[in-house]
Amino acid sequence: RDESTPLNEIEAVPPLVSLLCERLNEARLAAEMPLFEISRSLVEAQGADILQRFYDESFAAFPAAEREAVREYVEDRMVTVGGHRNPVAREDACADLAAAGVADPGAALDALVGRRLLTAEQRGGIKRLEITHDVLAPLVVRARKERQERRAVALAERQRRELRVRRIAAAFAVLGLLALCALVFAILALKQAHKQRLRAEEGLTRVRASEQAAQSAMERAVAAKKSADDLIRFMQYDLRDTLGKLGQLKMMEGINARIREYYKQHPVEKGDNEALRERSVSLEQQGDIFLAEGQLAETLMTYRDSLTI
C-alpha cells in the first residue's frame, strides 16, 4: 500500500493491531492532559511515528557490529525494488547473514519475528520469512533509500579524500623528484668543482715548478755571468799587467777586443754602475793600446768614449 494510506483502511494483522494499541495507549497516557480513550486525532497524529519507531527499534537490540548487516538484509532482500514484500527461505536468510558476519543468524531472525517485524510460515515444506504487513514496506523502502544515499555521500567523500591524498602524494612525489634532481646536480657540480680544483692545483704545481726552474735557471745564469765577469776582470787587470810587462800589445789588443764584444752581447742593465765602470775601463785600456801603437786619433776617440760612459 501507499505510505499515505490512512490507518483505518489498512487490514491489520493481530501483531500490528496489538502494537498500535499498545503504543497509542502509551501516547494517551503521556499527554499533558491524559485522554479517556484512544481518539481518532491521536491515531492520525501518532500512527506514522509509531510505525517508524517500531521499525527502528526492531534492530536496536542487536550488537553494533551486526545491526547494520541484519537491517541491510531486511531492506535489500525482503522488499522488492517496486516496494512489495518479498518472502525469503529461512535457510537462505541464515546463509546470507552468516556470510555478512552475523554470529548467530537463526537467533537474529527469531528476534525479528519475536519483535513482530517479520512473520514466519511453512510453505511447500520450506519455512519462509517475510515483512509482517504491507504497511511496513514503505518504511523499509525509505530506509533503504536513505542508507543508499548515505553510502553514496560517504563514498563520494571518501573518493574526494582519496583524490586529495593522491594529489598531495603526487605533489610530494614531484617535489621529491625535483629535490633528487637538485641533489644530483649538486653532486655533479661538486664533482666538477673538485676536478677543477685538482686541475687548478696541478696547474699551480706546474707553475711553481716552472717558477722554481726559472729561478734556478736565473741563478745559474747569474752565476755564469758572475764567473764571466770575474774572468773579464782578470783579463782586464791581472793579465793586462802581465802582458804589458812582456810587451805583448797584439795579444792585449785581441783580449781587449773580446772583452768589448762581450759587453756588446751583454748590454749593461740599468743602474749596474759596476758593469758601466768595467766597460769604461775596457775602452780606456784600448786607448792605452792605441797610444802604445802610435795611433793617436784612435786613442783620442777611445778615451772620449770611455769618459762618456
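Computation of the quantities below employed the complete heavy-atom set of this structure, encompassing side-chain atoms and omitting hydrogens, waters and symmetry-equivalent molecules.
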Quiz item: Where the side chain of Arg115 meets the backbone of Ser58, is there a donor-acceptor pair that is under 3.5 Å apart?
Solution: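 Checking the backbone N and O of Ser58 against the side chain of Arg115, a donor-acceptor pair under 3.5 Å is found.
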Quiz item: Does atom CZ of Arg199 have more than 12 heavy-atom neighbours, drawn from other residues, nucleotides or ligands, at distances under 6.0 Å?
Solution: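 Yes - once you tally the heavy atoms of other residues, nucleotides and ligands closer than 6.0 Å, there are more than 12.
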Practice problem: Just jot down the ring-ring contact (aromatic ring centres under 6.0 Å, His included) partners of Tyr73, sequence neighbours excluded, or say none. | Solution: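 Listed in chain order: nothing, the list is empty.
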Self-check item: ring-ring contact (aromatic ring centres under 6.0 Å, His included) partners for Tyr55, two or more places apart
Solution: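 Once residues adjacent in sequence are excluded, the partners of Tyr55 under the ring-ring contact (aromatic ring centres under 6.0 Å, His included) criterion are Phe59.
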Practice problem: Let me know which of Leu129, Val140, Leu112, Leu117 forms a side-chain contact (heavy atoms from CB on, under 4.5 Å) with Met78. | Solution: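 Exactly one pass, corresponding to Leu129.
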Kindly give the heavy-atom pair with the smallest separation between [X] and [Y], and that separation in Å.
X      : Y      : value
Pro87  : Arg123 : CG-NH1, 3.8 Å
Val79  : Ala137 : CG1-O, 4.4 Å
Ala60  : Arg67  : O-NH2, 3.6 Å
Leu109 : Ala93  : CD1-CB, 3.8 Å
Arg128 : Ala89  : NH1-N, 4.1 Å

Checking [X] now: which residues fulfil salt bridge (charged side-chain N to carboxylate O under 4.0 Å, His left out) with it, not counting sequence neighbours?
X      : result
Arg90  : Asp110
Glu75  : Arg71, Arg147
Arg197 : Glu201
Glu219 : none

Quiz item: Listed by chain and number, what are the side-chain hydrogen bond (donor to acceptor under 3.5 Å, both in side chains) partners of Glu157, not counting sequence neighbours?
Solution: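 Glu157 satisfies side-chain hydrogen bond (donor to acceptor under 3.5 Å, both in side chains) with Arg160 only.
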Self-check item: Stepwise side chain to side chain contact (heavy atoms under 4.5 Å, CB included) test for Glu211 and Gln215
Solution: CA-CA 6 Å; Glu211 290 177 349; Gln215 182 66 26; over 6 Å; no
Below 3.5 Å, can you tabulate the donor-acceptor pairs from side chains in residues 174-188 to any protein atom, sequence neighbours excluded?
none

Exercise. Could you grab the distance from atom CD of Gln52 to atom CG of Leu139, nearest 0.5 Å is fine?
Key: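 Taking CD in Gln52 and CG in Leu139, the distance rounds to 5.0 Å.
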Practice problem: Would you give the length of the straight line joining atom CD of Gln196 to atom CD of Glu202, rounded to the nearest 0.5 angstrom? | Solution: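 Result: 12.5 Å between the selected atoms.
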Cut-off 3.5 Å, no hydrogens considered: what does the side-chain donor-acceptor table look like for residues 149-156, sequence neighbours left out?
unit_1, atom_1, unit_2, atom_2, d
Arg151, NH1, Glu72, OE1, 3.3
Arg151, NH1, Glu72, OE2, 3.3
Arg151, NH2, Glu72, OE1, 2.5

Quiz item: Which pairs with one or both residues in residues 162-181 pass side chain to side chain donor-acceptor pair (under 3.5 Å), sequence neighbours excluded?
Solution: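 Residue pairs with at least one partner in residues 162-181: there are none.
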Exercise. List for me each residue that meets side chain to side chain contact (heavy atoms under 4.5 Å, CB included) alongside Leu300, sequence neighbours excluded, and say none if there are none.
Key: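 By the side chain to side chain contact (heavy atoms under 4.5 Å, CB included) rule, Leu300 matches Arg304.
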Please tabulate, one pair per line, all N/O donor-acceptor pairs under 3.5 Å involving side-chain atoms of residues 94-104, not counting sequence neighbours.
unit_1, atom_1, unit_2, atom_2, d
Asp96, OD2, Arg77, NH1, 2.7
Asp104, OD1, Ala107, N, 3.3

Exercise. Let me see the working for Ile131 and Leu118 under side chain to side chain contact (heavy atoms under 4.5 Å, CB included), right down to the final yes or no.
Key: CA-CA 5 Å; Ile131 301 295; Leu118 301 183; 3.8 Å; yes
